[in-house]
Number of protein chains: 2
Amino acid sequence: MTETVPRPTLEAVAARAGVSRATVSRVVNGADGVTEPLAERVRRAVEELGYVPNQAARSLVTNRHDAIAVVVAEPESRVFADPFFARQLRGISRELTAHDNQLVLLLTEGRHDHARVARYLAGGHVDGALVFSLHLDDPLPELIQRAGVPVVFGGRPDWSGGGNGVVYVDSDNRGGARDAVRHLLGLGRDRVAHITGALDQTSAVDRLDGYRDAMADADPRLVAEGDFTLAGGERAMRELLENRPGLNAVFAANDLTAVGALRVLREHGRRVPDDVAVVGFDDMLPFAEQTDPPLTTVRQDIEEMGRLMARLLLRGLDRTAAARETVGGPPSSVIFPTTLVRRASA
Amino acid sequence: MTETVPRPTLEAVAARAGVSRATVSRVVNGADGVTEPLAERVRRAVEELGYVPNQAARSLVTNRHDAIAVVVAEPESRVFADPFFARQLRGISRELTAHDNQLVLLLTEGRHDHARVARYLAGGHVDGALVFSLHLDDPLPELIQRAGVPVVFGGRPDWSGGGNGVVYVDSDNRGGARDAVRHLLGLGRDRVAHITGALDQTSAVDRLDGYRDAMADADPRLVAEGDFTLAGGERAMRELLENRPGLNAVFAANDLTAVGALRVLREHGRRVPDDVAVVGFDDMLPFAEQTDPPLTTVRQDIEEMGRLMARLLLRGLDRTAAARETVGGPPSSVIFPTTLVRRASA
DNA sequence: CCCGGCGGTGAGAGCGCTCTTGCCGGGGGC
DNA sequence: GCCCCCGGCAAGAGCGCTCTCACCGCCGGG
């Protein structure tokens, strides 16, 4: 663990190149209006001294940080069991890196952390925030709004507070669910059950709505409440088998839930897909391919969603002309389409 | 996406409280030597104005950032399939949060990114770095060393460059592997095969060494090379069944590999554990519990390892007296013990 | 009763950078 | 040939904070 050595300053570079600080600054920041021979001298001096700009000093005057906070408001549950999180982070990281922004990760686990996160964001350490995994009546959006930090949500927030101007990126949960159920109906299954996700998240509610779209007059007892976990899927599946033993298909709110359902179905001697067809949601690889039988599921392009969130946020910051050209127009929410991936389970 | 409003400065608070900037600064930073009535006036002014210190200005003069970089040098592979990463992050996040440090996440995917990361660290944006997933002959440690940033590695780096002073936190991979194999031997299995991890990582090498410790005179054809992935596990298992069809146990370098092995064993009609006993490594939940049969595996306390890495790094920064008291002595590497978790597969 | 010391406070410098301002020199218009 | 304009550069202010240092008033000791 070495100690930091004093780093060269703009001043030092200027002295070595025999120019003023302003000129060095222009060269370093790629501004034009500097003649080539001078610029070259400056570049050489930068090289020789190993000069790296001091970001704190720069931020102090520009009031920009080139850093984005990623807030994951997840009390333990899905984040760990699910590569979802890592994938989305990767997408975000890629996009931010491409635009020379840093990623500051804020994980929260409870009310106390909310205040901390709000304070941090209000502290103006970052230029914007990407916020995930909101639950109903979560105070976070409100707090962030008040902090005055530009934000893009991952998943539709259940929050009317901001009225307009709330930007989010989400999958077409409802459409994907509808497709899944219609696929099951198309296979001739007439008793399609649904295991919901945690209904305090809009994604779960939307998937349930999609199910209902396709099953207009469904028996309410064909729906059991899960929580996006494997154990929840098992529990709900048992409940369904008890209440509606005649069911011949299950649409699970996510793959983890589907895996739980598969296990319970097997326990009860039901063959998949012969007796009961099963469809999941997420296409969580490599597990969706590796279940027994391989899982038919609804895929969403998670990484691309992450990238898009970052892009929308950066665009909202209105910074580079390039960013504006790329997308054009004021940022607005985006719903990603989903695809049904057919494997063996349905 | 709201725009940021101008935030109150120290100056403003001072004016409102009718004191000097210095006094406000003292109160805000918890220094003593301010009489109670004055301090109270200042606190009220802070409250009323909603003052939050400007970190950039502070960093500029203190040359501290209260931020730690987490570098994950993982080209795609394990990070996604494995909650490992998320778990460790959680541990790190908890510890950093407890010490009011921020977590700056740097994901890399290739040589090009190495330079970027090195530049970032050299730029003095963070006070230290936690570095993961190093591969053999990775240039990163060297670059970081040169950047002069205090660093703690996750997993033993294969790197003699720094000589002494390299601090890392690792599981007892060798001991864990030895325990796993001994457990298999104890079950009366005499032909224990091993599917390695990616041998360009020390964890894989150490687990292989542990296997060899317990299987001193093992047939070299009982070892097949994997890469920590499910597909790699399948491939290696096929190879083993071809070369040594008489094997009656497999120790897989991680759980994902073990799952691949289980699948291939089933394909070949071998019953687990009756014909072939299988042990994994990681105890990757909830999957390790949910394989068929549930997987016997070697558990490591991933989150605690993350916490400890953060703690060691912060201690190395020698900042708070409190941190020093908590641990005491100069930081040195730590090897975490592992536990064998017995389930049905062996 | 005077003076030295000390705790509490304020004034000011300066961290490293950006950006505005103004100067200086050269080229084109009349 | 003179003036004006404009491009290229340097000078300097100032971002918001910390920290040193000097100051001021009060106490106790001689």
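Naming convention: chains lettered A, B, ... in sequence-line order (proteins, then strands); numbering from 1 in each chain. Values in this document were obtained by computation on a predicted structure and should not be read as measured data.
- Between Arg58(B) and Asn29(B), the side chains place a donor N or O and an acceptor N or O closer than 3.5 Å (distance only, hydrogens not considered).
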*Just do the salt bridge (charged side-chain N to carboxylate O under 4.0 Å, His left out) check on Arg43(A) and Glu36(A) with the steps written out, would you?*
CA-CA 10 Å; Arg43(A) 278 192 291 267; Glu36(A) 190 40 44; 2.6 Å; yes
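- Using modelled atom types, one side-chain atom of Arg41(A) and one backbone atom of Ala17(A) make a donor-acceptor pair closer than 3.5 Å.
- Expressed to the nearest 0.5 Å, how far CG of Leu121(B) lies from CG of Leu106(B) amounts to 6.5 Å.
- Mapping heavy-atom proximity under 4.0 Å, the span of DNA chain C touched by chain A runs 5' to 3' from dG16(C) to dC19(C).
- Atom CZ in Arg21(A) sits roughly 18 Å away from atom C1' in dG8(D) (whole-Å rounding).
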_salt bridge (charged side-chain N to carboxylate O under 4.0 Å, His left out) between Arg311(A) and Glu304(A), worked out_ = CA-CA 10 Å; Arg311(A) 215 174 302 147; Glu304(A) 192 53 33; 3.5 Å; yes
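- Panel note: side chain Asp127(A), backbone His65(A); a donor-acceptor pair is recorded below 3.5 Å.
- In terms of modelled atom types and a separation under 3.5 Å, the side chain of Asp113(B) and the main chain of Arg116(B) share no donor-acceptor contact.
- Taking the nucleotide of DNA chain D with the nearest heavy atom to each of Leu60(B) and Gly18(A), the more 5' of the two is matched to Gly18(A).
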Check nucleotides 24-27 of chain D for protein N or O atoms closer than 3.5 Å to its own N or O atoms and list the pairs.
none

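- Between the NE2 atom of His125(A) and the CZ atom of Arg119(A) there is a distance of 10.0 Å, given to the nearest 0.5 Å.
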